[in-house]
Amino acid sequence: MAEKKILLGNEAIARGAYEAGVKVSSAYPGTPSTEVSESLAKYEEVYAEWAPNEKVATEVAIGASIAGVRSMCAMKHVGVNVAADPLYTAAYTGVRGGMVLVAADDPGMYSSQNEQDSRMVARAAMIPVLEPSDSAEAKEFMKYAYELSETYDTPVMLRTTTRLSHSQGLVELNERQEREDIPYERDPAKFVMMPGNAIKRHLAVEARMKKMGEDACSFSINRVEYNDRSVGFITSGIPYQYVKEAMPNASVLKLGLVHPLPRKLIEEFASNVDQLYIAEELEPVIEEQVKAWGIQKAVGKEIFTIQGEYSANMIRERVLGQKPELEPAASVPARPPILCPGCPHRSVFTVLNKLKIHGAGDIGCYTLGAVAPLSVIDTTICMGASISTLHGMEKARGKEYIKNWVAIIGDSTFMHTGINSLVNMVYNQSSGTVIILDNSTTGMTGHQDHAATGKTLKGEVVPAISIYHLCRSLGIEHVYEVDAFDQEGLTKVIRREVKRDAVSVIITKAPCALLKGVKFPNVCRPVSDQCKKCGACLKPGCPALTRKEDGTIAIDETMCNGCGLCMQLCKFHAIEKVERGN
């Protein structure tokens with residue numbers, strides 16, 4: 001009897017890839033997709049890596065597929081944008097070994113800068129999309145995706161969402177199906193996308209998608225559940241769970257393949273129900289196609305939101321007019337996100353705030369520098385955009401305009417796409433100061449390694465790329481490494497470099513306070529009789545520090561990591577550093 005185990009949706013996706021015989025996986029960490037690759041790396045039979053960005057990850061998967069093995073790449077929805085260039089072309093080339101791209105969307109924007117729908121990208125790229133509804137389906141759909149990939153000669157997208165990625169369900173574990181590598185045969189007409197070949201491949205893509213749409217009417221992952229035919233739902237993914245909870249007696253057409261859509265199956269279902277609703281989170285991808293086929297009785301975004309996550313309560317309210325009876329919310333104080341105690345970013349932002357310098361920001365924990373009391377980050381667009389944004393400002397308004405600006409980027413994000421932007425600054429003779437916050441990890445997604453940390457996804461120790469020497473190799477003369485907690489040193493170098501009419505890079509170095517190997521033997525402790533109640537130590541907003549009723553400072557030693565930032569800010573020596581436990 002097969003073993004059953006409770007798995008996260010992401011763990012189930014990894015298990016499905018393992019059971020399908022996947023040999024190569026490449027990814028860049030990004031919530032809510034990260035655990036897919038972390039789980040897959042535990043299987044010895046699979047080569048799994050962190051790539052510097054999603055474009056590279058997709059190209060690695062394409063290369064492995066061309067070499068004749070099953071491959072995959074995984075990323076969050078905004079990573080699909082970075083991967084779009086190779087993805088669109090891979091739709092034309094098709095595959096040799098099956099290839100799947102796992103795209104994790106984030107309805108509700110729990111950890112993202114936008115709420116885009118990856119089905120829209122897949123539709124434009126002309127690749128099929130599978131969307132599971134629970135962990136068990138996540139595993140099975142992953143295996144099914146490889147069958148479709150090889151049958152129809154196409155990359156396949158498996159779309160998940162935050163709710164599925166991070167919820168748990170019972171999954172049956174099966175044996176891995178080892179597959180023989182497909183022998184390589186040179187085929188430039190298929191894999192060399194020069195215009196003459198691409199024109200022919202486009203015809204093949206259109207024919208492939210048409211045939212798949214026809215065949216999809218009999219796919220096992222698309223199923224009809226007839227019950228009360230007065231009400232019917234077309235749905236997929238996690239919204240299927242909400243529909244079943246809210247209206248268990250309704251008839252449902254549950255789509256596992258959401259692009260291309262099975263037209264005849266949908267038309268037949270629509271004709272057999274009196275009222276027809278389409279429940280899909282984010283964009284009306286299914287709805288627009290259904291209505292374009294003339295099924296005008298379908299009701300979708302007229303009553304359902306285009307923003308955020310759905311729920312069973314929302315469906316009851318919008319369809320049945322039943323508002324849930326909820327208990328009054330408990331009165332709790334607001335808890336805005338904040339940098340951790342001992343975070344090196346807080347020290348850097350404290351200096352920038354003191355110098356009244358604006359920051360063109362990037363994607364990472366340091367985005368929290370936009371909020372009070374630090375209030376340093378003025379822009380956040382996408383991975384790597386901080387450096388390009390600063391460059392654009394300089395070209396728009398001149399060198400003097402950016403003398404009170406810096407670009408702020410993390411070490412992992414710099415390796416992701418910041419390098420290209422820095423090359424652009426040097427090449428186009430820009431000026432401006434770039435601060436690389438090197439905390440030795442990919443912090444916001446859960447402390448993954450990258451090319452500059454010296455460790456792979458599999459845990460192998462490898463040579464770490466030196467960010468300092470990388471910057472110097474670009475011909476940048478002014479590159480400096482500074483201890484992130486050295487307030488005096490930071491102030492001196494930042495004040496000097498922002499005035500310079502050239503590109504300069506400041507690398508602030510201190511590990512993330514949450515890294516497992518980081519030890520904090522000391523804590524900071526107030527010396528109350530020397531405290532002048534000025535509040536200077538409170539300005540960085542460290543959550544370990546509070547003001548007592550008499551105006552003096554209290555430090556919660558269970559939270560304090562002994563970074564010493566508060567000590568440096570106190571001119572009256574009213575804070576001391578002592579050994580933890582003393």
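Here, residue 1 is the first one in the sequence, and each next residue gets the next number.
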Name all pairs fulfilling the ring-ring contact (aromatic ring centres under 6.0 Å, His included) condition that reach into residues 360-383, sequence neighbours left out, sorted by first residue then second. H345-Y366
Which residues share a ring-ring contact (aromatic ring centres under 6.0 Å, His included) with Y310, sequence neighbours left out: F304
Are L130 and M157 side-chain neighbours, meaning at least one heavy-atom pair lies under 4.5 Å? no
Between S25 (side chain) and L40 (backbone), is there a donor-acceptor pair under 3.5 Å? no
Say whether K76 and S112, considering side chains only, have a donor N or O and an acceptor N or O under 3.5 Å apart. yes
So, the side chain of Q116 versus the backbone of H77: is there a donor-acceptor pair under 3.5 Å, distance only? yes
Using 4.0 Å as the upper bound for N to carboxylate O, is an ion pair formed by K301 and E287? no
Under 3.5 Å donor-acceptor pairs involving side-chain atoms of residues 351-360, not counting sequence neighbours:
unit_1	atom_1	unit_2	atom_2	d
N353	ND2	L374	O	2.6
K354	NZ	T491	OG1	3.0
H358	ND1	D378	OD2	2.6

Does the side chain of N439 come under 3.5 Å of the side chain of T441 through a donor N or O and an acceptor N or O? no
Using 0.5 Å steps for rounding, measure from the CD atom of E481 to the SG atom of C471. 9.5 Å
Can we say E460 and K455 salt-bridge, meaning some charged N sits less than 4.0 Å from an Asp/Glu carboxylate O? no
Which heavy atom of A103 sits nearest a heavy atom of S118, and at what distance? CB-OG, 3.8 Å
Tell me if the NZ atom of K403 is crowded by more than 12 foreign heavy atoms within 6.0 Å. yes
Do the charged groups of K492 and E488 touch, with an N to O distance under 4.0 Å? no
Does C382 reach the side chain of V78, with side-chain heavy atoms less than 4.5 Å apart? no
For residues P128 and M209, determine if any side-chain heavy atom of one lies less than 4.5 Å from a side-chain heavy atom of the other. yes
Flag for S504-Y480: side-chain donor and acceptor within less than 3.5 Å: no
K395 atom NZ: more than 12 heavy-atom contacts under 6.0 Å: yes
In Å, rounded to the nearest 0.5 Å, how long is the span from CD of E49 to OG of S26? 3.5 Å
Side chains of M126 and E206 in contact at under 4.5 Å (non-hydrogen atoms): yes
Check whether N10 reaches the backbone of P32 with its side chain - one donor and one acceptor, N or O, closer than 3.5 Å. yes
What residues, two or more places apart in sequence or in another chain, satisfy ring-ring contact (aromatic ring centres under 6.0 Å, His included) together with Y92? H202
Does a side-chain N-to-carboxylate-O contact under 4.0 Å join R119 and E280? yes
Assess the side chains of E497 and T433: does a donor N or O sit below 3.5 Å from an acceptor N or O? no
Nearest non-hydrogen partners of P107 and E309, listed with the distance: O-CG, 3.3 Å
Is the side chain of T154 donor-acceptor paired with the backbone N or O of I127 at a distance under 3.5 Å, no angle test? no
Would you find a donor on one side and an acceptor on the other, under 3.5 Å apart, between the side chain of S165 and the backbone of T162? no
Checking H259 now: which residues fulfil ring-ring contact (aromatic ring centres under 6.0 Å, His included) with it, not counting sequence neighbours? none
Inspect the surroundings of NZ in K499 and state if more than 12 heavy atoms from other residues, nucleotides or ligands are less than 6.0 Å away. no
Quick one: does T442's side chain have a donor or acceptor within less than 3.5 Å of a partner on H447's backbone? no
Nearest non-hydrogen partners of A64 and S71, listed with the distance: CB-CB, 3.7 Å
Only one of H416, H450, K509 forms a side chain to side chain donor-acceptor pair (under 3.5 Å) with D411, so which one is it? H450
Examine distances only and state if a side-chain atom of D438 and a backbone atom of T508 form a donor-acceptor pair shorter than 3.5 Å. no
To the nearest 0.5 Å, atom CD1 of I467 lies from atom CD1 of I507 at 6.0 Å
Hits for salt bridge (charged side-chain N to carboxylate O under 4.0 Å, His left out) against E115, two or more places apart or cross-chain, chain-then-number order -> none
So D556 and L545, do their side chains get closer than 4.5 Å, heavy atoms only? no
Side-chain heavy atoms of W405 within contact of T389, under 4.5 Å: no
Check: D117 side chain, L282 main-chain N or O, donor-acceptor pair, under 3.5 Å: no
Just wondering, more than 12 heavy atoms not from R495 lying within 6.0 Å of its CZ? no
Show your working on salt bridge (charged side-chain N to carboxylate O under 4.0 Å, His left out) between D105 and R159 and close with a plain yes or no. CA-CA 7 Å; D105 286 1; R159 182 202 187 217; 2.8 Å; yes
